[in-house]
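Comments concern the structure below.
Order of the sequence lines fixes the chain letters, A, B, ..., with proteins taken first and strands second; residue numbering starts at 1 for each chain. Keep in mind that the numbers below use all heavy atoms, side chains included, and drop hydrogens, waters and symmetry copies.
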Amino acid sequence: MSRRQYPFHVIEPKWQHRWESEQTFRAWNPGDAIPATHPFGIRHALDGQQATTGALPPKYYILDMFPYPSGAGLHVGHPEGYTATDILARYRRAVGRNVLHPMGWDSFGLPAEQYAVKTGQHPRKTTETNIANFTRQIRSLGFSYDWSREIATTDPEYFKWTQWIFLQIYNAWFNPETNRAEPIGTLIFPADCDTEDKRRAHRDSKRLAFVSEAPVNWCPELGTVLANEEVIDGKSEVGGFPVIRKPMRQWMLRITSFAERLLADLDLLEWTESLKEMQRNWIGRSEGAWVDFQVEGSASKITVFTTRPDTLFGATYMVLSPEHRLVADISTAGQQEAVRKYQATAAARSDLDRTELAKEKTGEFTGAYAINPVNGARIPIWIADYVLASYGTGAIMAVPAHDERDLEFAEAFDLPVLQVVQPSDEKKDWRGFCDEGTAVNSAGAEINLNGLPTVAAKKKITEWLEAKGLGKKTINYKLRDWLFSRQRYWGEPFPIIWRRDTSGNLFHEALPESALPLLPPTLEDYKPTAEGLPPLARAKEWVTLPDGAVRETNTMPQWAGSCWYYLRYLDTKNAGAFVARDAEAYWMGGQAGSTVTPGVDLYVGGTEHAVLHLLYARFWHKVLFDLGHVSTPEPFFKLVNQGLILGEDGVKMSKSRGNVVNPDDVLGEFGADAFRLYEMFMGPLQEVKPWNTRGVEGVYRFLGRVWRLFVDEKSETDYELKTAVNPDAESGFVADIRLDPRLRDVPATAPQLKALHACIRKVTEDLDGLRFNTAISAMMMFINEAMTWETRPVIVLKTFLQLLAPFAPHLAEELWEKVHGLVGVSPVPSLTYSAWPVFDPALLVEDTLEIAVQVNGKVRDVIRVPAAATPADLEAAALVAEKARPFLEAKTVRKIIVVPKKLVNIVVG
RNA sequence: GCGGAUGUGGCGAAAUGGCAGACGCAGGGGACUUAAAAUCCCCUGGCCGCAAGGCCGUGCGGGUUCGAGUCCCGCCAUCCGCACCA
């Protein structure tokens, strides 16, 4: 396709500059002085005034997941979500909302740091270069972001507040009584906390940010620990390097305390069911009981978690995870050696070995026995790595008859299998039956479950255990506390220092707010130290404070900055608070008694963040909510995941496959409007769909048709001749292109109005339902019809431009300007803030209708009837319908179904 | 294995239980042109038929209904999560 359909290369930069210089998309906060000339002010009668919360129109907060500015530049997947949100942002402005639509950069991250390790170039430099490139690319698409609110998580003025929020978390504890985070000052100390050191230790053990010595996922290649979520099949999510378990001192955030609320509050949200389900699975709630087993001949008790306390009589052995703290204590002298050996083997096995390859169960007998509390049975205690240290209590009671894994293990080591549940289906084998049934063989001296269905048996045994002090009903979660420290350079330093107490033990202390932002030191070398300390430890002068305290040298993970960026957008320039209260209340609050949505109205991004980012951000938000800093319990009210865009070959785009489409190339050839339109026309936003360059040409041709519907062919030919001679003055010549003489300021005919209003209706309804593809096809149909009109009334075409504007804003603006020039309206009213057209149902009413005539459900004819025809009229008309009649001959009419305005079905037999 | 989603022309797709395939791509034919590109017009699910028209057709098998792509039951396939979670 060689010839340009229309001069988008001149039009697009022109309007992008205009929007920028006029600050068209600036979103106004309560308290802002709105300039007299700003079209938002003019539309809402706020021009030249100071906006107040009450005077501003209802807010609409529409948010994109901000990108990590990688060196590779923008991918065609990025603009998919961005285009969708931009279209909706423009639509909502036209409808009359005060729209907040911001963009920023999730700019901390590993690639810039790895580049620094290799080249010595400061990550800030790399980051700035990449941001500049992303900015250029995103701006060239003509998105209506309020760029005055641009943020970068690497900006000290931003991460000052990331560190500040960390301190809020650090200075809070979770009160199980109130089920909320509370300031650490409300913590009540136990009586034995009689010294300052003891009180400090107690306090530090309760903080929402705490230090743990637990085994962590250490990735030697990356030189850092990773959160469980960042390890996939025993390899790092980033780079795919091996990960090993290693005990280290780490910062953790107590997200598990919020598990129940993170689960329950999903019900408040308009997210897709699949997304909610992913979060639910991740949180992994399961109801069950803790049961204590006494170790024979020892003071030790082993507590297990089970979801099937009703099978307690079937427990024929117990298993501890190899890392369980009691293993060494209870192992008998004869078994010590073997147990130690097994522990060493298990520790050396990666997570990958433990899961995928672990078809065969392994384990070792400790030599010890436990007493089953229900019947006093003596059962052996084993260790095995099929029991995970990190789930439940790290120990299980094994009921091989009714648990697949226990059965495998019992068969491998020849342990007894005892039936205690009878399947209701008699033919079913009870061995390995894990579903609900009826309790059997479950009677002891004090308790008898026999004959009870599983649910009742669970209830009875749990109550009995609780009464005897042997167990407790409980809820367990798969979710673990969040490992929050990384051994990296390019992240937020912790605002924490370490000192020694009177007995020489290290303890941590928060820096005062006045010390924020705490900047990372300048380094020559960004590698971890030879001893495996984080890179920050290299900066000796930075680490050691004059009074002898030392700084924390870990940094925060990349998730930290993205946990709250949507709040900073509300008030980016605020130097005194992370967000001002009135700004937060206006943009996030669901104002009482109104229909305004609480939180972000619509959040669009990829599924890759379905669990981690969204769970972490919800967690931070809840802490901030509990502490009174934000006004809603949830941050993102409605959330949509855009589907992946595949390469032309139908597989995921990747450099190695060579099927990556670069947005810059598409823009150069077809322009931003065509690119935007194509991304929306491909199919439903949420679906996975392949790229097709021919498809871009299709929507590009459509935009060409729109252009030719308006402009005079001859003046465009003149324009092309002039630019061929003098290309430097091209942009000036665009103004000389005249409109088609068929465009006239005359009243519209009825069919013209009907075409227009059908289009208004379809586009409006589809925008409300995020059905961009069908909205575009409605506009195509309108244009196809309008091309046939001898006279093109300005009023009709002008209204059409308003519908087109959210999708193809540059072209719409250019034609809007020309059309107003034609009818002599000056100054040209702002297209962005012109009121969205409203369709008139009266104009869509038909005089006659096409009615399908069915015989036995098959369409045999289509008849035209007056719209006012009654069901009886329809029936009569259908019975004489010419093409249907042969199918009625020699048959008895048994029944006639009339669907008004649609069809008549004659049932014969 | 568990959970979620999706299966419609050659392709991307569209259809409040009511004329399946709108719109676009690709393909075919025509107009314009010295010619090509661009543009404009027409055709285009499969099979049978000169035609009129008929039959079949929304992954597969059942069911509900006057009527099912759509609702119900049971399968199959693909994609995406999670996965020894007791």
Pick base, sugar-phosphate or nothing for [X], based on heavy-atom distances below 4.0 Å to the nucleic acid.
X         : result
Thr607(A) : nothing
Arg280(A) : nothing
Ser777(A) : base
Gln686(A) : nothing
Arg894(A) : nothing
Glu850(A) : base
Arg285(A) : nothing
Val688(A) : sugar-phosphate

>> Between G69(B) and C19(B), how far apart are the two C1' atoms, rounded to whole Å?
In response: 14 Å
> On a whole-Å scale, what distance lies between the C1' atoms belonging to G59(B) and U6(B)?
Replying inline: 11 Å
Could you let me know what [N] is paired to, Watson-Crick or G-U wobble, both distances under 3.5 Å, or none if it's on its own?
N      : value
U34(B) : none
U8(B)  : none
G61(B) : C73(B)
C2(B)  : G81(B)

> Between Phe782(A) and Phe800(A), does the ring centre distance come in under 6.0 Å?
Replying inline: yes
>> Check for me whether the distance between the ring centres of Tyr386(A) and Phe409(A) falls short of 6.0 Å.
In response: yes
>> Below 30° counts as parallel, above 60° as perpendicular, anything between as tilted: where do the rings of Trp482(A) and Tyr616(A) land?
In response: parallel
> Using 30° and 60° as the class limits, which term best fits the ring planes of Phe8(A) and Tyr700(A): parallel, tilted or perpendicular?
Replying inline: perpendicular
>> For a quick check under 3.5 Å, do Thr256(A) and Arg480(A) share a side-chain donor-acceptor pair by atom type?
In response: no
> Between Asp292(A) and Thr303(A), is any side-chain donor less than 3.5 angstrom from a side-chain acceptor?
Replying inline: yes
Which nucleotide in the list [options] gets nearest to the side chain of [X]?
X         : options                : answer
Val859(A) : G12(B), C23(B), C19(B) : C19(B)
Phe887(A) : C66(B), A14(B), G54(B) : G54(B)
Val907(A) : C66(B), C19(B), C82(B) : C66(B)

So, does the side chain of [X] form a donor-acceptor pair with the base of [N] at under 3.5 Å?
X         : N      : value
Glu277(A) : G81(B) : no
Lys361(A) : C84(B) : yes
Asn905(A) : C66(B) : yes

> Syn or anti for G9(B), taking syn as within 90° of 0?
Replying inline: syn
